[in-house]
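We number each residue from 1, following the sequence as shown. Since this is a predicted model, take the numbers as computed values, not measurements.
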Amino acid sequence: MARKDEILKSFLTHDQLKTKYKLKTEDLPTSVREALNSDKPILKAIALIVDGLDGTAPVTDSVLRNQVTQILNAAL
């Protein structure tokens with residue numbers, strides 16, 4: 001398992017995240033790539049943050065913030 005997949009997993013196992021967004025353990029993605037393709041905006045946003053900060057070509061905070069905002073606004 002890649003480092004960023006482990007980071008994603010640590011975020012997704014948080015009880016508050018599971019409770020608030022009604023996520024089932026068996027439905028959680030196991031990799032960043034899988035999470036980026038998720039139909040759940042919160043999973044996609046978290047994966048984008050992890051990938052952006054721990055990826056091979058890290059992005060700036062403002063670019064990352066704009067990408068996350070676009071994903072979450074599109075979900076509304």
Side-chain angles (χ1 to χ4, degrees):
M1 182 176 283
R3 180 175 180 244
K4 60 184 171 181
D5 294 337
E6 291 176 11
I7 294 170
L8 175 71
K9 185 178 177 182
S10 71
F11 277 109
L12 298 183
T13 56
H14 197 282
D15 290 334
Q16 196 170 26
L17 184 71
K18 288 181 183 178
T19 304
K20 181 169 180 137
Y21 295 99
K22 298 177 176 83
L23 301 174
K24 297 177 184 172
T25 304
E26 60 271 5
D27 295 335
L28 295 177
T30 56
S31 69
V32 171
R33 181 168 297 197
E34 190 180 324
L36 286 170
N37 294 324
S38 174
D39 60 341
K40 299 192 184 313
I42 190 64
L43 297 178
K44 190 179 278 192
I46 292 170
L48 187 63
I49 292 168
V50 171
D51 192 45
L53 295 177
D54 195 49
T56 56
V59 296
T60 63
D61 288 347
S62 63
V63 169
L64 189 57
R65 182 180 58 246
N66 289 338
Q67 290 174 338
V68 170
T69 301
Q70 286 176 348
I71 288 172
L72 297 177
N73 282 339
L76 294 176

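Residue-environment remark: CG (Asn73) exceeds the threshold of 12 foreign heavy atoms within 6.0 Å.
Scanning both residues, Lys4 and Val50, for their nearest heavy atoms gives O-CG1, 3.4 Å. The two atoms that bring Ala45 and Leu72 nearest to each other are CB-CD2, 4.1 Å, heavy atoms only. Leu43 and Ser38 get closest at one heavy-atom pair: CD1-OG, 3.5 Å.
A distance of 8.5 Å separates NZ in Lys44 from CG in Asp39, rounded to the nearest 0.5 Å. A distance of 10.0 Å separates CG of Leu8 from CG of Asp51, quoted to the nearest 0.5 Å. To the nearest 0.5 Å, the span separating OG1 on Thr19 from NE2 on His14 amounts to 9.5 Å. Note: Ile71 CD1 to Ile46 CD1 = 11.0 Å, rounded to the nearest 0.5 Å. Remark: Glu6 CD to Phe11 CZ distance equals 13.5 Å, nearest 0.5 Å. Atom CG of Leu48 and atom CG of Leu53 lie 9.0 Å apart (nearest 0.5 Å).
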_Step-by-step side-chain contact (heavy atoms from CB on, under 4.5 Å) determination, Asp5 to Glu34_ = CA-CA 10 Å; Asp5 294 337; Glu34 190 180 324; over 6 Å; no
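For the pair Leu17/Leu12, a side-chain contact is recorded, criterion being any heavy-atom separation below 4.5 Å from C-beta on.
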